[in-house]
Amino acid sequence: MSQPLLELRNLTTVFPTRRGLVRAVDGLDLTVREGEKLGIVGESGSGKSVTLLSILRLVPPPGRIVAGDVLFRGESLLAKSSSEMRRVRGRKIAMIFQDPMTTLNPVFRVGEQIRESLRIHGLVDGRGRARRRAEIERVIQVLNDVGIPYPEESLRRYPHEFSGGMQQRAIIAIALSCEPQLLLADEPTTALDVTIQAQILDLLERINRERGMGIILVTHNLGVVAEFCDTIAIMYAGQIMEKGATEEVTTEPLHPYTRGLLRCLPRIYGKREKIRPIPGLVPDLATLPPGCPFAPRCDVVRPECREDRRIPLKEVEPGRWVRCLLY
Amino acid sequence: MRAAKVLERVLITIPIMLGVAVMVFIFMRLTPGDPVDIMMGEMVGISDAEMEAMRREFNLDKPIHVQLWLFLTDVLRGDLGTSFVKRVPVAELILAHLPATIELAVGALFFGLAISIPIGILSAVKQYSILDRASMAGAFLGVSMPSFWLGLILILFFSVKLGVLPVQGRIDHDVGLQEVTGFYVLDSILTGNRAALVSALRHLVLPSVTLGATLAAIVARVLRSSLVEILRADYITLARAKGQVEFLVIMKHGVRNALIPTVTVVGLQVGALLGGNMVVETVFGWPGLGRLVVSAIFNRDFPLVQGAVMTYAFTYVIANLLVDVLYTYLNPKITL
Ligand SMILES: Nc1ncnc2c1ncn2[C@@H]1O[C@H](COP(=O)(O)OP(=O)(O)OP(=O)(O)O)[C@@H](O)[C@H]1O
Ligand SMILES: [Mg+2]
C-alpha cells in the first residue's frame, strides 16, 4: 500500500494541572490515507480537539506533546522548525472549528480573512494592483466553491453580518483557499441546526470527492460519522478504544463503549428501541482508574480489567482494532 | 449619513453646555461668600456705597432668576461675560489659558499611551512572567498614587537632585518664542525656533508624566486583561492554523481586537486629562485653565467659573465624540 497521508504514532499530549498530569491524548495511533475520511468519535473531554491541535502543533501551553510522532507524507512534523511548521499550517493541513461564531475575527471583512491565507503562503503571483485583483478573484472563486451567494458582495461583509451556516462556509473557504491535502474538522456542525448541518457535511463530502482531500472529522455524534466517514476511531480518555471501517464498527461494534454509544443513538426508521445511556460519567483525566479507563462504566467488566496495566490495542481482523480484554 | 450624525453630536453639546452652566451658576451662588466682599476684603476705607455700586455693576443686586436670565441671554449671544476680578472678557481669558491645558493633556495622553500600550501587550503575551508582575505592580502604584505626590517626587528627583528638567512653567522666556496658536510646541515648530522647541518639550515632560501616570496604569491593565482574554479566542487559533507568524497573530488579530475595550477606557480618561489637571497645573505652575479656574473659584469670580466649566464640558464632549468615531472605526459591529 502507498504511504499514508497522515500517521500518528503513539502521540501523547499532556497538560500539567494543579491536580496532576492530564494525559489528554494518550498514545494515539492513527492513519489517514489519501482522500480518506476518518471520523473520531468520543464524549466531551475525550481528547479529540487536543488530538487535532497536536497535529498542527498548536496545543495551548502549558499543554505539550511529550511522546510519539506525527508523520505527514512520511515527514515528521514534530521535527520541523517553527517556520517550516508555518508552511504546513493552512497550506498542507487546514483546520476548521466547532463554533463558527467565534472562529472568524470580528474586526476583519470575510474576504480579507480568506485573502490573508493566500498572502501568507504567497499563492498568488504578481505585484501591486494586479496581484490584489488576482487575490480577490481567487477569494470570489473560493466563496463560490463553498456555496456563499453573491461572493462579490459577501467578501466585503463582516462576520457578524453572516448567519452561523454562512460563517462556517466562510471558515471552510479559508481552509480550502490554499488547497490543503488534509482538512482537520473539529465538530464543524455541532453549533448549527440540522438542515445547515447536512448542507455543511454535503459540502465537505463534495470537496473530498472532487479534490481527493483527506478529512479528519471530529464529532461526538456517531450518527454523523456513520454517514460521512470511511473509517471510525472511537476515543475515550485520550485513547483509541476501537477503530475500523465505518460499516463494520457501526454494524458489529466490538468494544462495550462503542456498543454503548450506538445504543444512545435515537432511531427514526425501523424498529423502535429504547435509548439506553451509558451509566456513569466521563472520567476525570487527572485521576484515571488503573487498567481500562472505561471499566467503571462497563457492563461486562471483569476483575482483570482493573489490573494496573495498559490494555493493548489489538488488531482482531485486518484493519479492525480494539482495546479490550474481551478480544 | 456619518457626517450628519457627527454634526448632530456636536449640536447636542449646546444644551449640555447650557445645562452645565446653569448648574454651576446656581451652585456658585449657593456657596457662601460674596464676590464683592472677597474682592474688597483686604482693602480698607471702602464705603458701603462703593460696594453697592460694584454689586450693581455685576448685577449681583438683582434677584437670582433675573441674573440667570441675563446670563443665559448673554451666553446665547456668544458673550460669556466679564471676569469680576480681572475685568477682562471671560472668553479672552479662557482662550489664553486653554492651549496650555490642551497641550498638557496631549502630552499626558502621548506619554500614557506610549508607555502603556507596549507594557500591556508584553504583559499579556508573557502572562505571569516577571515583566508582567512588575508592570502590573507598577500599574497598581500608578493608579493609587496621588498626582501631587508623584509630581513632587518627580520634581525633587529630576529637577532638584539631578537638575536635568525644569521645575515650573511652560517655557524659558529667553528663547523668544513668538506665539501663533498658543500651543508652544506647535508654535516653535511653525516659527522654526529650535531652542523654543527644546525648552517647551523639556517643560512638558514632568507634568505630562505626572498627569499621564493614571491613564498609563489604567490603560495597561485594561489592554493586558482584554488581550489575555482575546489570545484564547478561536480566531487566534485560526490565525495560527493559517500559518500566520506569531508577531502578526498577536498584533493584527489580537491587539486590533483588544483596542476596542481599551479605546473606551481612554475616552473616559481623556476627560480626566482635560478636567482633572488642576492639581498638576498647580504643582508645576502650568498656566492653564485648571489653575485659572481654581483661583476663580476662591475669588467667587462667577462669570469666569461658569465660562471655564462650559469650556470643560465642551472639550469633554468633543473628546468623547472623537473617541466614539474612533470606536466605530475599530468595531465594525457598531455604527454611529
Ligand atoms: N487548555 C487546557 N488546559 C488544561 N487542560 C486541557 C486544556 N485543553 C484540554 N485539556 C484537557 O484535555 C482533555 C481533552 O480535551 P479536548 O478539548 O481535546 O476534548 P474534546 O474531546 O475535544 O471534548 P469536546 O467534545 O468537549 O470538544 C480535557 O478533558 C481537559 O482535561
Ligand atoms: Mg473539542
Side-chain angles (χ1 to χ4, degrees), chain A residues 49 52-53 55-62 82-110 112-123 156-161 167 170-171 174-175 177-178 180 183-184 186 191, chain B residues 2 117 121-132 222-223 226-264 266 323-336:
Chain A
S49 300
L52 297 191
L53 291 171
I55 294 171
L56 284 176
R57 282 173 52 190
L58 289 175
V59 181
S82 51
S83 69
E84 287 170 332
M85 197 58 216
R86 279 199 299 274
R87 285 196 285 276
V88 172
R89 292 183 192 135
R91 179 75 184 90
K92 304 271 173 60
I93 307 176
M95 184 160 174
I96 60 184
F97 298 84
Q98 172 168 355
D99 187 357
M101 304 280 186
T102 60
T103 305
L104 290 169
N105 192 324
V107 303
F108 296 118
R109 294 174 201 275
V110 168
E112 193 47 47
Q113 300 191 46
I114 300 174
R115 209 173 132 223
E116 184 185 21
S117 290
L118 300 173
R119 299 181 62 115
I120 289 169
H121 298 289
L123 287 192
R156 276 196 291 273
R157 301 230 180 290
Y158 285 99
H160 71 273
E161 299 172 305
Q167 289 185 358
I171 293 162
I174 291 174
S177 60
C178 298
L183 179 68
L184 310 178
D186 192 357
Chain B
R2 278 271 166 102
I117 290 180
I121 294 172
L122 285 175
S123 321
V125 172
K126 304 263 174 237
Q127 204 190 350
Y128 303 132
S129 64
I130 293 179
L131 174 103
D132 178 27
V222 169
L223 182 58
S226 52
L227 189 55
V228 161
E229 195 66 35
I230 281 163
L231 289 179
R232 291 197 201 107
D234 286 344
Y235 56 79
I236 296 296
T237 313
L238 176 64
R240 293 195 178 112
K242 281 174 167 180
Q244 186 59 280
V245 293
E246 192 60 18
F247 180 76
L248 287 179
V249 169
I250 288 163
M251 299 306 288
K252 182 174 165 190
H253 291 271
V255 174
R256 178 65 176 68
N257 276 284
L259 283 182
I260 294 172
T262 309
V263 160
T264 311
V266 172
V323 167
D324 281 358
V325 170
L326 184 60
Y327 192 84
T328 56
Y329 168 76
L330 285 174
N331 188 351
K333 286 186 198 167
I334 308 287
T335 44
L336 259 183

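Chain naming here is simple, since letters A, B, ... match the order of the sequence lines and numbering starts at 1 in each. These numbers were taken from a predicted model, which means no experiment stands behind them.
- Within the 4.5 angstrom heavy-atom criterion, no atom of A/Ile96 approaches chain B.
- Residues A/Leu53 and B/Thr237 are in side-chain contact: their nearest non-hydrogen atoms beyond the backbone lie under 4.5 Å apart.
- At a 4.5 Å heavy-atom cutoff, the contact between B/Ile260 and chain A is made by side-chain atoms alone.
- When side chains are defined from C-beta on, A/Pro159 does not count as touching B/Tyr235, because their heavy atoms never get closer than 4.5 Å.
- Atom-to-atom distance recorded for B/Ile230:CD1 and A/Asn105:CG is 9.0 Å, nearest 0.5 angstrom.
- Considering all non-hydrogen atoms of both residues, B/Gly243 and A/Arg86 come closest at O-CD, 3.4 Å.
- Taking every heavy atom of both residues into account, A/Leu58 and B/Arg240 meet most closely at CD2-CB, 3.6 Å.
- Within the 4.5 angstrom heavy-atom criterion, no atom of A/Glu161 approaches chain B.
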Residues A/Gln113, B/Lys242; criterion side-chain contact (heavy atoms from CB on, under 4.5 Å); working and verdict: CA-CA 10 Å; A/Gln113 300 191 46; B/Lys242 281 174 167 180; 3.9 Å; yes
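- Taking CG of B/Leu238 as the start and CE of A/Met95 as the end, the distance is 9.5 Å to the nearest 0.5 Å.
- Proximity to chain B is absent for every atom of A/Leu184, based on heavy atoms less than 4.5 angstrom apart.
- Checked for salt-bridge contact, A/Glu116 and B/Lys252 meet the test: a charged N lies under 4.0 Å from a carboxylate O.
- Atom CD1 of B/Ile236 and atom OG1 of A/Thr103 lie 11.5 Å apart (nearest 0.5 Å).
- Considering every non-hydrogen atom in both B/Pro332 and A/His160, the closest pair reads O-CE1, 3.5 Å.
- In this structure, OH in A/Tyr158 is found 9.5 Å from CG in B/Asn331, a value given to the nearest 0.5 Å.
- A/Pro60 does not touch chain B: none of its heavy atoms, backbone or side chain, sits under 4.5 Å away.
- In this structure, B/Glu229 places its CD atom where only 12 or fewer heavy-atom neighbours from other residues, nucleotides or ligands lie under 6.0 Å away.
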